[in-house]
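Here the structure is laid out as structure tokens; the discussion comes afterwards.
When reading the values below, keep in mind they use all heavy atoms of this one structure, side chains included, and skip hydrogens, waters and symmetry mates. Per chain, numbering begins at 1; letters A, B, ... match sequence-line order.
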Amino acid sequence: MKSFIPVFKTREPQNKSEVFIPSRRDFLKLGSLATGGFLLGVNFQCSGPKGELLTFAPNVYLSIDSDNLVTIIAHRSEMGTGIRTSLPQIVADELGADWNKVKIVQAEGDEEKYGNQNTDGSFSVRMFYEPMRKAGATAKHMLVAAAAEKWGVPASECTTENGQVIHAGSNKKIDFGDLIEKVKDAPIPAPESVTLKDPSTFTLIGKDVAIYDNKAIATGKAVFGADVDLPNMKIAVVRRSPVVGAKVISYKDEKTLAIPGVSQVVKIDGAGIPPGLDKPLEGLAVIADNTWAAIKGADALEIEWDLGPNQSYNSEIQLEEMLASTAKDGKIRRTRGNFKTALQGAAKVIERTYAAPFYAHSTIEPPAAIADYKGDGTVEIWAPTQHPQWARQAVAAALDIDYQQVKMNVTLLGGGFGRKSKPDFVVEAALLSKAAKSPVRVQWTRQCDLNHDFYHSLSAQRIKATIDKDGKISGWNHHTVFPAIGATGNADEVHPSDGELGLGCTDFPYNVPHIQIETHESKAHTRIGWLRSVSNIHHSFAINCMMDELAEARGVDPVQQALEYLGEDRNITFTEEMPGGKYENYGEPIDAFPWNTGRMKRVIERVAKEAGWGNALPEGQSLGFASQKSFLTYVACIVKVQKDTNGKISIPEVHYAVDCGVAVNTDRIRSQFEGGAQFATSLVMTSAITFENGKVKQNNFDTYQIIRMPQSPKKIHVHIVESQEKPTGVGEPPVPPYIPALCNAMYKLTGERIFKLPFGA
Amino acid sequence: METFQITVNGKKQDVTADPEMPLLWVIRDLLAMKGTKFGCGQALCGACTVLVDNEAVRSCSYPISQVGDQKITTIEGLSEDGDHPLQKAWVEHIVPQCGYCQSGQIMNAAALLISNPKPSESDLEAAMAGNLCRCGTYTRIKDAILTASQNS
Ligand code: FES
Ligand code: FES
């Protein structure tokens with residue numbers, strides 16, 4: 001059994017503060033996965049920030065049993081993107097496995113063993129495509145060598161297919177399982193000596209492969225966060241500080257404790273202000289034998305709160321203040337030419353403000369986690385977490401134990417969208433299990449979820465654009481202000497970070513001679529987090545709506561305008577125009593993942609062609625266009641809207657064109673775009689979180705609305721551009737361009753431009 | 001606390017519970033059947049949908065005391081081997097993303113097809129409007145229900 005694993009480093013997204021970076025260790029034990037099969041120790045290298053080489057040791061991804069069962073470890077969290085299928089699919093393709101005989105096992109949280117597990121930032125495929133290929137190819141190499149030796153033929157004449165090694169010349173075949181005896185103690189080849197498949201011979205990569213959990217979900221057998229049952233498990237429901245920073249002064253729990261089934265009331269100490277990204281809020285937990293008793297018990301608590309400094313917070317007032325601030329001079333974050341020159345020479349100036357609300361993630365599965373704190377100071381957790389290692393670390397800190405004492409089992413996630421990156425709810429479960437001296441499931445209600453999220457930030461923007469006497473766009477002055485994610489951990493962070501600006505703002509790609517991008521101060525009065533595509537949401541809205549308005553003012557077609565201002569095919573950069581700042585390129589070196597205008601133009605041309613852009617439309621229909629690169633994936637989108645004779649608006653059709661490099665699972669790429677369009681429709685039309693007296697006003701899906709089937713886009717066509725470029729993710733990129741494409745289509749239909757989201761609320 | 005005899009997926013069971021306890025928590029906590037999901041607790045999302053005498057009911061808002069001798073069907077009891085036409089169609093169209101809402105979607109669709117075996121697109125949309133999917137699988141849900149209605 002191999003137990004040597006070289007050191008590895010891991011990367012964290014650059015735009016998130018307070019993320020946990022695991023410590024490095026040179027050695028580790030293979031533990032439970034070692035039983036029955038053979039495990040592969042493989043050294044992988046992949047490029048990292050600043051172009052340095054990072055070494056990975058994901059040797060524990062694969063085992064093969066003598067009964068031919070191929071077990072592949074899914075080490076990233078499944079929240080609906082299909083990653084639990086797509087990464088194993090890559091391993092299986094290179095290995096030549098029989099996909100129908102592959103078993104997928106979810107890894108527990110252990111980054112020393114599995115490498116980065118932070119399932120976020122659309123980077124699972126981007127980061128693990130090569131390592132997964134090599135994991136499969138290394139196994140194949142060893143199996144082929146063993147079979148070749150057995151048959152006395154050159155290994156170069158053998159290959160693998162459907163779980164067998166095959167010798168083409170003699171038509172000899174042998175099952176993988178029959179080679180295990182021979183390979184299980186064989187030396188592991190150096191990664192350089194392993195050849196990868198020619199992409200033209202892929203059998204699974206680039207295909208529609210059904211998700212592994214397809215049938216389990218359709219039969220109700222799939223296990224999500226709240227579905228784990230432990231003997232003697234108690235259920236906890238928590239009443240949390242209604243205002244961020246509020247503290248419990250006193251409480252009465254007689255009525256609560258009188259409810260049959262309620263056993264205990266436990267106080268959870270909150271971090272105060274700033275609330276932190278990985279800490280629970282202050283609250284009182286009701287511990288009971290069943291969920292219903294816990295819910296009733298929590299309702300019956302009488303709590304006196306010291307509401308603290310955020311009790312007068314009103315989000316509409318803050319939005320007005322933020323909008324007003326954008327009229328002033330801000331902190332310069334990018335500059336090209338001299339915007340004043342553009343203003344002086346302008347034949348026309350268009351100046352607009354754009355506002356977008358706080359959004360909640362509102363995964364249909366509210367947060368829930370199960371903890372079993374054992375007498376010996378260890379704790380075992382089951383949680384729907386996007387970031388198991390961070391959850392381990394946060395639990396360890398809260399319990400004051402070493403994180404090695406925290407065993408983190410990862411269940412399926414009933415939606416994530418960034419909410420379940422934060423481990424606050426997991427920490428609650430651990431603290432409550434310790435207090436209750438029994439296993440505990442903490443169950444968030446929908447009100448808990450909507451009132452105590454880490455929200456997508458409230459935003460205000462102003463764009464001033466100039467058109468010169470030749471009708472060219474000569475100047476672009478973009479002001480953006482929104483409470484930063486960093487403020488959740490550090491109250492002094494009053495400007496958005498370079499990372500947040502690199503999401504659709506400072507990476508403004510168009511060839512405009514004078515550019516000035518500015519930010520303004522704002523404070524966080526709640527917990528700010530990241531939601532599917534993060535600040536691309538509001539930035540793409542403002543930029544693409546302004547581009548549409550500019551096209552109209554110039555009397556040109558918006559698609560042609562985008563192609564014109566992207567200019568000739570080339571790689572573009574931004575950092576040199578960012579005084580004291582840096583374009584973070586989603587944590588990747590810009591030379592490894594350049595911003596290429598040609599790739600963007602190809603998706604724009606493709607979507608225009610597929611959607612019939614420019615063709616005459618029937619009365620009552622219109623199209624809107626937008627394009628936005630995010631998370632290194634190029635996307636263009638055209639949305640069709642329709643008004644029927646009763647004035648009812650619907651979205652009959654959406655076209656997307658996407659270049660995400662090599663397409664791994666084409667069905668899951670399409671499904672991410674289908675879902676992204678639906679998700680973004682809610683952001684544009686129905687959803688908003690607002691605060692009054694420091695409290696969130698929305699408690700359930702009656703007031704925090706997400707679109708329902710009758711309002712939802714009817715047909716969503718996803719055109720995937722053939723590409724041999726490095727693969728990039730698709731979880732987030734569908735959202736940003738859809739938002740302004742829908743707004744631009746609405747303008748054509750109604751004659752009214754949209755400057756504030758959501759417009760349908 | 002009271003004892004109720006209820007019939008779930010054809011099996012008679014005794015449960016002792018607060019008469020106000022929603023059927024959802026009876027199913028999940030007392031009977032330990034986890035296929036039926038909690039999403040909102042207020043009949044706003046449909047994640048908890050089960051059949052009560054072949055009609056779709058939001059079990060989160062349906063007290064155990066109201067069940068009486070009506071027959072309850074959950075996702076676990078919809079078919080023996082996951083071969084209900086809707087389940088087959090769900091698999092064929094690869095409907096789920098995260099999957100969390102899908103038990104409720106399938107149960108709601110099952111009630112629809114019982115009362116209206118060949119729904120039009122607008123019947124279908126109206127009938128499914130109470131079931132939220134945050135991942136946005138609506139187009140595939142629709143396709144799967146239409147496939148199932150053709151195959152049954
Ligand atoms: S949980 Fe019952 S409808 Fe939402
Ligand atoms: S599949 Fe995730 S909520 Fe519907």
Go through the atoms of B:Q105 and report whether side chain, backbone, both or neither lie under 4.5 Å from a heavy atom of chain A.
-> neither
Is the charged tip of B:R28 near the ring of B:F38: under 6.0 Å from the six-membered ring centre and within 45° of its axis?
-> no
Does A:R419 make a cation-pi contact with A:W444, if we ask for NZ or CZ under 6.0 Å from the ring centre and within 45° of the axis?
-> yes
The reported gap from CE in A:M233 to CG in A:N290 (rounded to nearest 0.5 angstrom) is 11.0 Å
Would you mind telling me which of A:E78, A:R668, A:Q443, A:M79 has the largest number of heavy-atom pairs within less than 4.5 Å of chain B?
-> A:R668
To the nearest 0.5 angstrom, please state how far the OH atom of A:Y704 sits from the CG atom of B:L44.
-> 14.5 Å
Out of A:K715, A:H361, A:Q672, A:Q447, which one racks up the most heavy-atom pairs below 4.5 Å with chain B?
-> A:H361
Among B:K37, B:E76, B:M33, B:M128, which has the most heavy-atom pairs under 4.5 Å with chain A?
-> B:K37
Checking side-chain contact (heavy atoms from CB on, under 4.5 Å) for the pair B:I145/B:L112: CA distance, chi angles, key distance, verdict?
-> CA-CA 9 Å; B:I145 297 173; B:L112 165 67; 4.2 Å; yes
Interface residue of largest heavy-atom contact number with chain A, from B:C135, B:C98, B:C101, under 4.5 Å = B:C98
Between A:N665 and A:R670, do the side chains contain an N or O donor and an N or O acceptor separated by less than 3.5 Å?
-> no
Options A:D702, A:L412, A:I716, ranked by heavy-atom pairs under 4.5 Å with chain B, top entry | A:D702
Proximal component of A:L413, with respect to chain B [non-hydrogen, under 4.5 Å] | backbone
Among the listed options A:A293, A:G415, A:P366, the residue most often paired with chain B at heavy-atom distances under 4.5 Å | A:P366
Is a side-chain donor-acceptor pair under 3.5 Å present for B:D14 with B:T3?
-> no
Does any donor atom in the side chain of A:E732 or A:S122 lie under 3.5 Å from an acceptor atom in the other side chain?
-> yes
With respect to chain B, which residue among A:T445, A:I707, A:D208 yields the maximal number of heavy-atom pairs within a distance under 4.5 Å?
-> A:I707
If one checks every heavy atom of A:R441 against chain B at 4.5 Å, the contacting part turns out to be side chain
Side chain / backbone / both / neither for A:K221 at chain B, heavy atoms under 4.5 Å | neither
Pair B:D18, A:W292: side-chain N/O donor-acceptor within cut-off below 3.5 Å | yes
Checking heavy atoms, do the side chain of B:L78, its backbone, both or neither come under 4.5 Å from chain A?
-> neither
Pick from A:S362, A:G416, A:P260 with the largest number of heavy-atom pairs that fall under 4.5 Å of chain B = A:S362
Region of A:I295 in contact with chain B, defined by heavy-atom distances below 4.5 Å = side chain
So how far is it from A:Q698 CD to A:D449 CG, rounded to the nearest 0.5 Å?
-> 12.5 Å
Checking heavy atoms, do the side chain of B:A47, its backbone, both or neither come under 4.5 Å from chain A?
-> side chain
Contact part of A:A226 toward chain B, heavy-atom cut-off under 4.5 Å: side chain, backbone, both or neither?
-> both
Between the side chains of A:R446 and B:Q42, is a donor N or O closer than 3.5 angstrom to an acceptor N or O?
-> no
Side chain from CB out, backbone as N, CA, C, O: work out which of these in A:Q711 comes under 4.5 Å of a heavy atom of chain B, or both, or neither.
-> neither
Chain A interface, residue from B:G99, B:C133, B:G104, B:G35 that has the most non-hydrogen pairs under 4.5 Å | B:G99
By a 4.5 Å heavy-atom criterion (distance strictly below it), what part of B:M1 contacts chain A: side chain, backbone, both, or neither?
-> side chain
Indicate whether any N or O donor in one side chain lies under 3.5 Å from an N or O acceptor in the other, for A:Q89 and A:W99.
-> no
Honestly, the part of A:P710 sitting under 4.5 Å from a heavy atom of chain B is both
Do B:N9 and B:T74 get their side chains close enough for a donor-acceptor pair, meaning under 3.5 Å?
-> yes
Using non-hydrogen atoms only, which part of A:S682 is less than 4.5 Å away from chain B: side chain, backbone, both, or neither?
-> side chain
Which bit of A:K296 is near chain B, if near means a heavy-atom gap under 4.5 Å: side chain, backbone, both or neither?
-> side chain
Identify whether NZ of Lys or CZ of Arg in A:R532 sits under 6.0 Å from the centre of the six-membered ring of A:F679 and within 45° of that ring's axis.
-> yes
Side chain, backbone, both or neither of A:A210 within contact of chain B (heavy atoms, under 4.5 Å) | both
